[in-house]
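Below is one structure, written out as structure tokens; comments come after it.
Chain A is the first sequence line, chain B the second, and so forth, proteins listed ahead of strands; every chain is numbered from 1. Just so you know, these numbers come straight off a predicted model, no measurement behind them. Values below: all heavy atoms of this structure, side chains included; hydrogens, waters and symmetry mates excluded.
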Number of protein chains: 2
Amino acid sequence: MEETDRAIVAALAVDGRLSYTDLAERVGLSVSAVHQRVRRLEQRGVINGYAARLDHDAIGLPLTAFVAIRPLDPSQPDDAPDRLAKLPQIESCYSVAGEDFYLLMVRVESPLALERLLQEIRSAANVTTRTTVVLSTPYEHRPPKI
Amino acid sequence: MEETDRAIVAALAVDGRLSYTDLAERVGLSVSAVHQRVRRLEQRGVINGYAARLDHDAIGLPLTAFVAIRPLDPSQPDDAPDRLAKLPQIESCYSVAGEDFYLLMVRVESPLALERLLQEIRSAANVTTRTTVVLSTPYEHRPPKI
DNA sequence: ACTGAAATAGCCCCTTT
DNA sequence: AAAGGGGCTATTTCAGT
């Protein structure tokens, strides 16, 4: 990727609501040139969309956990991500190397809600779970250096 | 949190660039009322900011990994997050329950870059590392159900 | 707290270089 | 590809309820 596009993407990673006017000043181009570049970055999928960053405590999901899962029967077809997609508490699903098959990041309201979610995960995908509870988050979702 | 605020936050989690006009239609309020509510949600920190969602392959960081770290000397003061904050490849740092002290999520350009990063992490924070490489990402950063 | 309206600013398309 | 201009829409503030 090119210099100017990098600068645009980096800026929008920090502040997704930057106006084209501000962006244009930062990268030293005209507003319409920047606008055109952003549109292309969106169309090429470099920028997938824009999201508000939320305070999970404030929205009632103060408990974060990582759930490593492993199929009970590794010979069966593995459609765990599909089966688990319906559970909205699962924020992310990563297929990983190592002993586990998938690593999920989940957000719930309480320890009790986590217990219920783990049961749902196990029964929905026929897997065992190994859960790591997050105690605090020194930092998260830092914008990449690009 | 209240009904209308939830709807606003949920909508902005999916599309952080929604106009106040569109938001107003969705929640059934006037534009200025919605604007006022969004400003308050931002001031109260419920909405922390806005970010572009990036394609990490496209921006040259195609390799994601989770790095569990543990201090070599658990009796020393633990300032690992601070010491590691300078490494921009570390996207997130979670303090976790269990055998490990912290779980990092990192994004790098290549396996070689991961090797170098792990060395930097170990020397910067005086820790051992256990790394889980992400092979693929079925889904990530799904907006919460609120 | 919400509405409505007025002024400002930014978006977006089109033309030109 | 980038710049500039013009019409239009959204943002933002303010007064009123």
Side-chain angles (χ1 to χ4, degrees), chain A residues 1-62 109 140-146, chain B residues 1-62 109 140-146:
Chain A
M1 199 166 45
E2 184 219 339
E3 178 75 23
T4 307
D5 281 345
R6 287 187 182 206
I8 290 172
V9 168
L12 289 175
V14 175
D15 181 359
R17 287 197 116 170
L18 267 181
S19 71
Y20 296 113
T21 310
D22 286 349
L23 261 181
E25 276 185 31
R26 295 203 192 190
V27 304
L29 280 180
S30 72
V31 172
S32 47
V34 168
H35 190 209
Q36 199 176 20
R37 278 170 179 267
V38 172
R39 286 180 61 90
R40 269 213 282 276
L41 288 165
E42 289 169 352
Q43 285 182 332
R44 285 171 41 203
V46 178
I47 295 173
N48 271 310
Y50 302 87
R53 276 192 293 263
L54 306 181
D55 179 335
H56 292 93
D57 290 346
I59 63 171
L61 298 170
E109 178 249 342
E140 195 179 18
H141 301 323
R142 299 198 306 175
K145 258 282 178 301
I146 44 183
Chain B
M1 198 165 45
E2 184 218 338
E3 178 75 22
T4 308
D5 282 345
R6 285 186 185 207
I8 290 172
V9 169
L12 289 175
V14 175
D15 182 359
R17 288 197 114 168
L18 265 182
S19 71
Y20 295 113
T21 310
D22 287 348
L23 263 181
E25 276 185 30
R26 295 202 193 190
V27 304
L29 279 180
S30 70
V31 171
S32 44
V34 167
H35 188 210
Q36 199 175 24
R37 278 171 179 265
V38 172
R39 285 183 63 87
R40 268 214 282 279
L41 288 164
E42 289 168 353
Q43 284 181 331
R44 286 169 42 204
V46 179
I47 295 172
N48 270 310
Y50 302 87
R53 276 193 293 265
L54 307 181
D55 179 335
H56 291 94
D57 290 345
I59 63 170
L61 297 170
E109 178 249 340
E140 195 180 20
H141 302 321
R142 300 197 305 174
K145 259 280 178 303
I146 43 183

If you measure from OG on B:S32 to CZ on B:R39, what distance do you get to the nearest 0.5 Å? 12.5 Å
For B:R142, all residues meeting side-chain contact (heavy atoms from CB on, under 4.5 Å), sequence neighbours excluded: A:A85, A:I90, B:Y139
Given A:I8, A:V9, A:V14, the one that forms side chain to side chain contact (heavy atoms under 4.5 Å, CB included) with A:L12: A:I8
Smallest separation among heavy atoms of A:R6 and A:I146, with atom names: CD-C, 4.1 Å
Only counting residues at least two apart or in another chain, list the ones meeting side chain to side chain donor-acceptor pair (under 3.5 Å) with B:T4. B:E2
Over the length of the helix from C:dA1-D:dT17 to C:dT17-D:dA1, how much do the five-pair end axes diverge, rounded to 10 degrees? 30°
Which residues within residues 17-24 of chain B lie with some heavy atom under 4.0 Å of an atom in DNA chain C? none
In this structure, CD1 of A:I59 is separated from CE of B:M1 (nearest 0.5 Å) by 6.5 Å
Only counting residues at least two apart or in another chain, list the ones meeting side-chain contact (heavy atoms from CB on, under 4.5 Å) with A:A11. A:L18, A:L23, A:R26
Segment of DNA chain D, first to last nucleotide, that comes within the 4.0 Å heavy-atom reach of chain B: D:dA10 to D:dT13
Quick check on contacts: within residues 28-41 of chain B, what sits under 4.0 Å from DNA chain C by heavy-atom distance? B:L29, B:S30, B:S32, B:A33, B:Q36, B:R37, B:R40
Please identify each residue that fulfils salt bridge (Lys or Arg N to Asp or Glu O under 4.0 Å) with B:E25, with sequence neighbours left out. none
Applying side-chain contact (heavy atoms from CB on, under 4.5 Å), can you list everything that pairs with B:P62, at least two apart in sequence or on another chain? B:D57
Sequence neighbours excluded, which residues qualify as salt bridge (Lys or Arg N to Asp or Glu O under 4.0 Å) partners of A:E140? A:R107
For A:H35, side chain to side chain donor-acceptor pair (under 3.5 Å) partners two or more places apart: none
Residues at least two apart in sequence or cross-chain that pass side-chain contact (heavy atoms from CB on, under 4.5 Å) with A:E42, listed by chain then number, are A:V38, A:I47, A:Y50, B:R17
